[in-house]
Number of protein chains: 2
Amino acid sequence: MANKEKYTVAELRAELEAAGIRPTAQRIAILGFMRENPVHPTAEVVFAALSGEIGSLSLTTVYNTLKLLVEHGLVSMLTIDDTFKCFDGNVNMHAHLMCMECKTIFDMPMPESVASFVEGLEDFEPKDVQLYVKGICKKCKLNKENS
Amino acid sequence: MANKEKYTVAELRAELEAAGIRPTAQRIAILGFMRENPVHPTAEVVFAALSGEIGSLSLTTVYNTLKLLVEHGLVSMLTIDDTFKCFDGNVNMHAHLMCMECKTIFDMPMPESVASFVEGLEDFEPKDVQLYVKGICKKCKLNKENS
DNA sequence: CATAGAATTTAAAATGGTTTTAAATTTGCA
DNA sequence: TGCAAATTTAAAACCATTTTAAATTCTATG
């Protein structure tokens, strides 16, 4: 299930408040960006995207806010690549593919049995599930062949 | 399928050579450690475990060697936790659970459908598959309840 | 409405795991 | 044995992220 294309400030504010987070302008903008953009941005990318909108925004705030949103389950953190940490505003369970060449991250539905595997775990209380597949995307494969 | 408990130097040497890696004493020791110990050590841990055996061993060599072994598929890298990078000497496909409290990483068989999911991917050539489940282990759950 | 206290944001500095550099050492091969 | 290439090492550099401390903003209360 994907997110909506557009969220109102009131919706974002309500989401933050429901999580017990004080809805500041920075937090609303960051959560809004994560909800509306079906990408997997790093903190740097979020900062670059929003620093026009909020002139005073600092990279520190973006880092701290994303961490806060992750801790409250409003955003999830992806560690698919060891060289950068990125975030996903779609917290519905799904798998991720990453092209090792162009670093693009693609969403995929989570295979059926993963949910039942996780539910069936004994002696372990699951909180977060990530399925990561790294490989080469079609575009990069073609590029390689023609060179 | 787990690894053996004990590997001979000749076996390790042969594995390195088959991968086109020159079998130095450091590389043999590091690969041996990874093969024989069913844990998920960081570079620091590998270094600490082997620096007695090889007095001159440097942490740099451990980092570089683990990277080399991963590049050649002899060892796999886990990015289950965003605060550390660790390694697995068992390259057979399996899932990982990590306790968010004590940070212990447990091996689990990979659920059936994941392999077929990966094989069924179109327009994407898979190279590495990781299923990570983060949560709370039994021991830590009990500890929390009694406090 | 004024104001104080608390929370948040910010810039700057610090942190720490990892990589790079360059020199020293070791290895394989003639 | 000796040389060229590869590897290892210690030290320095790197850089994404966190911490610090001061400035700002928000909220509650009189």
Side-chain angles (χ1 to χ4, degrees), chain A residues 9 12-13 16-17 19-33 40-72 74-87 103, chain B residues 9-10 12-33 40-72 74-87 103:
Chain A
V9 170
L12 298 165
R13 183 183 293 276
L16 290 166
E17 278 172 346
I21 299 173
R22 200 190 281 191
T24 65
Q26 289 88 338
R27 289 167 176 175
I28 291 168
I30 293 169
L31 180 61
F33 180 84
H40 306 88
T42 60
E44 281 278 5
V45 170
V46 175
F47 173 70
L50 296 178
S51 59
E53 184 179 325
I54 302 182
S56 71
L57 185 66
S58 75
L59 183 54
T60 303
T61 298
V62 176
Y63 272 110
N64 292 339
T65 301
L66 286 169
K67 187 179 205 179
L68 186 74
L69 297 178
V70 169
E71 283 164 1
H72 287 79
L74 299 187
V75 159
S76 65
M77 185 200 302
L78 307 187
T79 56
I80 192 170
D81 190 289
D82 63 307
T83 67
F84 59 85
K85 189 186 293 187
C86 63
F87 299 87
K103 306 290 179 182
Chain B
V9 169
L12 297 167
R13 183 182 294 275
E15 241 196 285
L16 290 166
E17 279 172 345
I21 300 172
R22 200 189 280 192
T24 65
Q26 289 87 340
R27 289 166 175 176
I28 292 168
I30 293 168
L31 181 60
F33 180 84
H40 307 88
T42 61
E44 282 276 4
V45 168
V46 175
F47 173 71
L50 296 177
S51 59
E53 185 179 323
I54 302 181
S56 71
L57 186 65
S58 75
L59 182 54
T60 303
T61 298
V62 176
Y63 272 109
N64 293 339
T65 301
L66 287 170
K67 189 181 203 176
L68 186 74
L69 297 177
V70 169
E71 282 164 3
H72 287 80
L74 300 186
V75 159
S76 64
M77 185 200 301
L78 306 187
T79 55
I80 191 169
D81 191 288
D82 63 306
T83 67
F84 59 85
K85 189 186 294 188
C86 63
F87 299 87
K103 305 290 179 183

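Here is the naming used below: chain letters follow the sequence lines, and residue numbers restart at 1 for every chain. Small disclaimer: the values here were computed from a predicted structure and weren't measured.
Of the candidates A/Thr65, A/Leu12, A/Leu74, A/Leu69, A/Thr65 is the only one forming a side-chain contact (heavy atoms from CB on, under 4.5 Å) with A/Arg27.
Contact between B/Ser56 and B/Gln26 at its shortest, heavy atoms only, is OG-NE2, 4.5 Å. B/Ser58 approaches B/Phe47 most closely through the heavy-atom pair C-CE1, 3.6 Å. Of all the heavy atoms in A/Ile54 and A/Ala29, the pair that sits closest is CD1-CB, 3.6 Å. Across B/Ser51 and B/Ala48, no two heavy atoms sit closer than the pair OG-O, 3.6 Å. When all heavy atoms are compared, the tightest approach of B/Pro41 to B/Phe33 is CG-CE2, 4.0 Å. A/Glu17 and A/Pro23 get closest at one heavy-atom pair: OE2-CG, 3.7 Å.
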For A/Leu50 and A/Val62, what are the C-alpha separation, side-chain angles and deciding distance, and is it a side chain to side chain contact (heavy atoms under 4.5 Å, CB included)?
CA-CA 9 Å; A/Leu50 296 178; A/Val62 176; 5.9 Å; no

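Remark on DNA chain D: of its neighbouring residues B/Asp82 and B/Gly55, the 5'-side contact belongs to B/Gly55, judged by nearest-heavy-atom nucleotide.
Remark: side-chain polar atoms of B/Thr79 are paired, donor with acceptor, to backbone N or O of A/Thr79 under 3.5 angstrom.
Looking at residues 16-24 of chain B, you'll see B/Arg22, B/Thr24 sit with a heavy atom under 4.0 Å from some atom of DNA chain D.
For DNA chain D, the span of nucleotides reached by chain B at under 4.0 Å from its heavy atoms goes, 5' to 3', from D/dA6 to D/dA11.
A heavy-atom distance below 4.5 Å is found between the side chains of B/Leu31 and B/Leu16.
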Protein N or O to nucleotides 13-18 of chain C N or O, pairs below 3.5 Å:
residue: C/dT18; atom: OP2; partner: B/Tyr63; partner atom: OH; Å: 2.4

